[in-house]
Amino acid sequence: MKRALARIAATLAALASLAACSHGNSQAAASAQPGSATVPHKTIGVSIQNREAQFYQDMESGIRAEAANEGYALVVVDASRDNARQQSQVEDFISKRVDAIVLTPYDSAAIGSAIAEANSAKIPVFTADIASTSNQGHVVAHIASDNIQGGFEAGKLICAAVGKSGAIAIVDEPEVTSVQDRVKGFKEAIAQLCPGVTIVADVDSGGTRDKASSDTGDILQAHRDLKGIFGINDDSALGALAAVRAAGLTGKVAIVGYDATPEARRAIAAGEMYGDAIQYPARIGSTTIDVIRDYFAGKKSPAFVKIPVGAFTKSS
């Protein structure tokens, strides 16, 4: 009887061992399958300079949609236009050991030290919409609108709106690299297409609506013959529009913005603004994830991936 029980116990032990081996093999096979839940996913840290802006909300949507397609986890945070906060966020990404970092720098010159820290931690850094201008740190790729071409589109719109001559103003934000490119392209268009048009004011309104409105009011006082305004983003253009309305000049001063947000499109449809250069922020976001995917796969991407900019007018 004892020998029979021993044989049964030995048989059960063998079966249990076989089952365990079989289970282990199936687990190993599952972990080798692409897309399996057991495959360690990649995590990407994203620091957006200002999530309140419609542009960055749209860009984030593009990032999230494409990251979901690729099975990547995201940690998305808002720098709230604060360089110190953004630097701290990069340090937090490093402590979390994310697999890649995406930044839209608030301060293009100061962000370099944070990028260098990520480099030291062997974490690749990508910039979207706004580039780093620092000589510190290495960015794998910058994904953004072709802002020189976009500025040229805005210049074409102003020339169409005001004709071959007249006084115009720029409501600017010169410390931002993307804006520098927009203004460069805008001025190139003026020089080529309507050289009789004169830029009589170029003011730094910080890309904010309230200051753009106040500054535009001052410009209108100083230049009664003003025929057009270029706002480097739609907050700037809509701030300028508020001042033009207050001065009773709606429709008499042509306003061109940049982004074609829903509010700006409504103003264009109503004839209060002439038009906008239109960016595609969701495409910038999705392309950023595509570039990161290629990097993970060992593929080399261009240092600057340009997204074309279009034009939006009432006829659009």
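When a residue number appears, it is its place in the shown sequence, counting from 1. Since the model is a prediction, treat every value here as computed from it, not as a measurement.
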Polar contact flag, side-chain donor to acceptor under 3.5 angstrom, [X]-[Y]:
{"X": "T261", "Y": "D234", "answer": "yes"}
{"X": "D215", "Y": "S205", "answer": "yes"}
{"X": "D82", "Y": "Q86", "answer": "no"}
{"X": "N233", "Y": "S236", "answer": "yes"}
{"X": "Q136", "Y": "S113", "answer": "no"}
{"X": "T313", "Y": "S315", "answer": "yes"}

If we only count heavy atoms from C-beta on, is the [X] to [Y] side-chain gap below 4.5 Å?
{"X": "D202", "Y": "K187", "value": "yes"}
{"X": "I268", "Y": "F312", "value": "yes"}
{"X": "L241", "Y": "L238", "value": "yes"}
{"X": "Q49", "Y": "D78", "value": "no"}

Is the backbone of E52 close enough, under 3.5 Å, to the side chain of Q57 for a donor and an acceptor to pair up by distance?
yes
Test applied, side-chain contact (heavy atoms from CB on, under 4.5 Å); reference residue, [X]; option that passes from [options]:
{"X": "Y72", "options": "D99, I63, T43, I289", "result": "I289"}
{"X": "I255", "options": "V244, V171, T216", "result": "V244"}
{"X": "F186", "options": "L157, I168, D172", "result": "I168"}
{"X": "I143", "options": "D129, V102, T127, T288", "result": "T288"}

Quick test of your reading of the model: are K184 and D181 salt-bridged, counting only N-O distances below 4.0 Å?
no
Step by step, work out the side-chain contact (heavy atoms from CB on, under 4.5 Å) result for V46 and V77.
CA-CA 6 Å; V46 182; V77 292; over 6 Å; no
Please work out which of the three classes, parallel, tilted or perpendicular, describes the rings of F126 and Y295, given edges at 30° and 60°.
perpendicular
Heavy-atom closest pair, residues A114 and V90:
O-CG1, 3.5 Å
I need the minimum non-hydrogen distance between H138 and N119, along with the two atoms involved.
N-OD1, 2.6 Å
Walk me through whether R182 and N147 qualify under side chain to side chain donor-acceptor pair (under 3.5 Å).
CA-CA 5 Å; R182 291 172 199 181; N147 281 294; 2.9 Å; yes
Taking everything shown except [X] itself, do over 12 heavy atoms lie less than 6.0 Å from its [atom1]?
{"X": "K156", "atom1": "NZ", "answer": "no"}
{"X": "K211", "atom1": "NZ", "answer": "yes"}
{"X": "D210", "atom1": "CG", "answer": "no"}

Quick one, E66 with D290, criterion side-chain contact (heavy atoms from CB on, under 4.5 Å). Give me CA distance, side-chain angles, the key distance, then yes/no.
CA-CA 8 Å; E66 195 65 15; D290 291 341; 2.8 Å; yes
Please walk me through it: do E272 and R245 pass salt bridge (Lys or Arg N to Asp or Glu O under 4.0 Å)?
CA-CA 9 Å; E272 294 183 312; R245 282 175 180 153; 2.6 Å; yes
